[in-house]
Number of protein chains: 2
Amino acid sequence: MPDLEGVSPLILNRLSVYLRCLRHLQETGVERISSQQLADRFLLSASQIRKDLAQFGDFGIRGVGYEVAVLADHLNSLLGLDRSHPLLIVGMGNLGSALSRYLGFNHGAFKVVAAVDRDPEKVGRDMGDFVIRHVDDLPAVVRDSGAEIGVLAVPASAAQENYEALVRAGIRAVLNFAPARVKRIQGVPLKNVDLRINLEEVAFVLGPQGRGRGASLADPLDDDLPT
Amino acid sequence: MPDLEGVSPLILNRLSVYLRCLRHLQETGVERISSQQLADRFLLSASQIRKDLAQFGDFGIRGVGYEVAVLADHLNSLLGLDRSHPLLIVGMGNLGSALSRYLGFNHGAFKVVAAVDRDPEKVGRDMGDFVIRHVDDLPAVVRDSGAEIGVLAVPASAAQENYEALVRAGIRAVLNFAPARVKRIQGVPLKNVDLRINLEEVAFVLGPQGRGRGASLADPLDDDLPT
DNA sequence: AGATGTGAATGAGTTCACAGCT
DNA sequence: AGCTGTGAACTCATTCACATCT
């Protein structure tokens with residue numbers, strides 16, 4: 001049953017992970033796989049895989065396993081990756097440039113179609129598929145490019161105002177990489193990603209002044225998974 | 001009781017969040033605050049704040065609240081941010097450069113002290129506090145710089161080999177930003193951070209072809225918190 | 001046999017509600 | 001009175017174990 005409402009972020013992220021594993025298997029020429037094999041191969045839990053998947057329909061074949069290609073395609077469309085998601089990068093400094101490379105992937109589901117910056121030096125630069133435009137032109141840029149998701153890669157102090165500008169320009173969702181919490185405006189999904197928190201986590205396991213050796217606590221690192 | 005073993009990553013991340021809120025309050029001149037006020041101010045849960053904090057000692061004063069400065073300092077040292085954590089960036093492309101800016105923060109707890117790259121073009125470039133060196137010199141770079149945490153910002157295909165090189169060079173922990181899962185070697189804490197998963201999450205809330213409007217599901221975005 | 005899908009059991013994490021300190 | 005610290009209640013998530021299908 002495609003019970004799409006109320007899917008927890010935990011399950012969602014695992015689906016992404018499963019999909020990546022499956023793509024990997026596909027490239028390796030594997031056609032069928034059981035939940036147990038998947039779990040062994042990628043350090044996951046077999047029963048969890050089954051439960052996660054069963055939520056969205058009966059993709060498997062009892063006694064056999066899952067058809068890699070079929071399952072991958074199901075997940076792909078479930079995650080909304082079967083249609084293209086045009087991205088707009090706001091702020092083309094190092095982070096913005098890095099993200100524009102990093103995020104274009106996944107069988108073409110995500111594609112950077114536009115970028116804006118405040119710096120006149122950068123405006124006009126040709127990025128191959130598009131030209132960097134001025135942040136003041138956001139409304140026109142969003143309209144012309146058809147961008148759907150805005151990616152904030154601006155300094156912390158400029159994050160909130162740029163989010164709001166994106167909303168006014170008609171963007172449908174925003175991902176914020178600036179190290180500042182942005183407050184969501186009703187109706188425009190927003191995800192704040194703070195890269196620094198990961199560093200703090202790692203710093204913690206190293207302990208006060210080198211508590212013991214490495215992995216002390218409940219092995220908390222590693223939330224996400226394979227490629 | 002500083003029951004440091006077995007702290008869940010969830011709590012850990014919340015502690016980081018609390019600390020940021022407190023720093024913010026400090027700058028605003030607030031000296032005391034109750035869990036309730038904190039919760040209201042930053043969209044948190046009061047009882048959760050109290051429970052999280054109580055785990056590590058009695059920082060609060062009944063009937064009064066928490067002394068902002070005191071609590072901030074406690075958290076700071078609890079998270080290991082009172083001593084300096086020298087960072088080494090591996091891969092000085094756009095992402096590496098961006099991270100080297102982005103991650104230097106937090107009252108000087110994190111400082112980039114060295115960087116390496118494979119590209120002879122980049123080797124030798126002066127970054128102010130240090131000079132980019134060749135990745136083959138990792139052992140010497142780690143020794144000379146005293147780097148503690150390695151930050152991988154290399155292409156996916158090079159992630160595993162560079163992690164292993166870091167381990168051989170004597171690094172104490174690693175944060176991997178390459179879009180590839182790296183397998184941990186016993187004794188060297190590793191955290192894989194996959195930026196793409198955030199995009200997929202946002203794409204999902206937008207739904208198949210624009211299911212409803214914005215925030216459909218259980219509002220899953222927004223894990224982390226304020227600055 | 002061999003693997004899925006799923007209720008039942010366990011465990012983790014969060015909220016409630018209040019006793020006890022200031 | 002006001003607010004913390006904490007056991008008890010509750011909700012959410014994961015794992016177990018097995019009936020069911022191929």
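Lettering of chains follows the sequences in order, A, B, ..., and the numbering in each one begins at 1.
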Scan the side chains in residues 59-70 of chain B for donor-acceptor partners under 3.5 Å anywhere in the protein, sequence neighbours excluded, and list what turns up.
none

Short side-chain to backbone donor-acceptor contact, His85(B) and Gly80(B), under 3.5 Å: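 Here the side-chain-to-backbone pair exists.
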Using heavy atoms to find the nearest nucleotide of DNA chain C for Val64(A) and Ser47(A) separately, return the residue whose nucleotide is more 5′.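 Whichever sits nearer the 5' end wins; that is Val64(A).
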From [atom1] of [X] over to [atom2] of [N], roughly how many Å is that when rounded to an integer?
X        : N       : atom1 : atom2 : result
Leu10(B) : dA13(D) : CG    : C1'   : 11 Å
Glu67(B) : dT4(D)  : CD    : P     : 12 Å
Gln36(A) : dC16(D) : CD    : P     : 11 Å
Gln48(B) : dC10(D) : CD    : P     : 19 Å
Ile49(A) : dC16(D) : CD1   : C1'   : 16 Å
Phe59(B) : dT6(D)  : CZ    : P     : 12 Å
Gln55(A) : dA13(D) : CD    : P     : 10 Å
Asp58(A) : dT20(D) : CG    : P     : 15 Å

Please classify the nucleic acid contact of Arg14(B) as base, sugar-phosphate, or nothing, using heavy-atom distances under 4.0 Å.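 Arg14(B): backbone/sugar contact only, no base atoms under 4.0 Å.
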Is Lys51(A) side chain donor-acceptor paired with the dT15(D) base, going by distance under 3.5 Å alone?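 In this structure, the two groups form a donor-acceptor pair.
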Does any N or O donor sit under 3.5 Å from an N or O acceptor when you compare the side chain of Arg50(B) with the base of dT4(D)?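 Side chain to base: no pair below 3.5 Å.
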Compare side-chain N and O positions of Tyr66(B) against OP1 and OP2 of dG5(D) and report whether any pair is under 4.0 Å apart.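 Yes.
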Heavy-atom contact window of chain B on DNA chain C, given 5' to 3' at under 4.0 Å: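 First-to-last contact on DNA chain C, by the 4.0 Å heavy-atom rule, is dG13(C) to dT22(C).
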Begin from the C-alpha positions of Arg196(A) and Glu201(A) and carry the test salt bridge (charged side-chain N to carboxylate O under 4.0 Å, His left out) through to its verdict. CA-CA 9 Å; Arg196(A) 303 172 303 175; Glu201(A) 219 176 293; over 6 Å; no
Which residues pass the side-chain hydrogen bond (donor to acceptor under 3.5 Å, both in side chains) test with Asn176(A), sequence neighbours left out?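 side-chain hydrogen bond (donor to acceptor under 3.5 Å, both in side chains) list for Asn176(A), sorted by chain: Asn192(A).
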Does a donor on one side chain and an acceptor on the other come within less than 3.5 Å for Gln36(B) and Asp40(B)?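 Side chains of Gln36(B) and Asp40(B): pair found under 3.5 Å.
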Under 4.0 Å between a Lys/Arg side-chain N and an Asp/Glu carboxylate O for Glu164(A) and Lys183(A)?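 No salt bridge links Glu164(A) with Lys183(A).
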If the threshold is 4.0 Å, N to carboxylate O, is there a salt bridge linking Arg20(B) and Glu200(A)?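 Counted as a salt bridge, because a side-chain N and a carboxylate O are separated by less than 4.0 Å.
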Could you say whether Asp52(A) or Ser34(B) is positioned toward the 5' end of DNA chain D, judged by the nucleotide with the nearest heavy atom to each?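 The residue mapped nearer the 5' terminus is Ser34(B).
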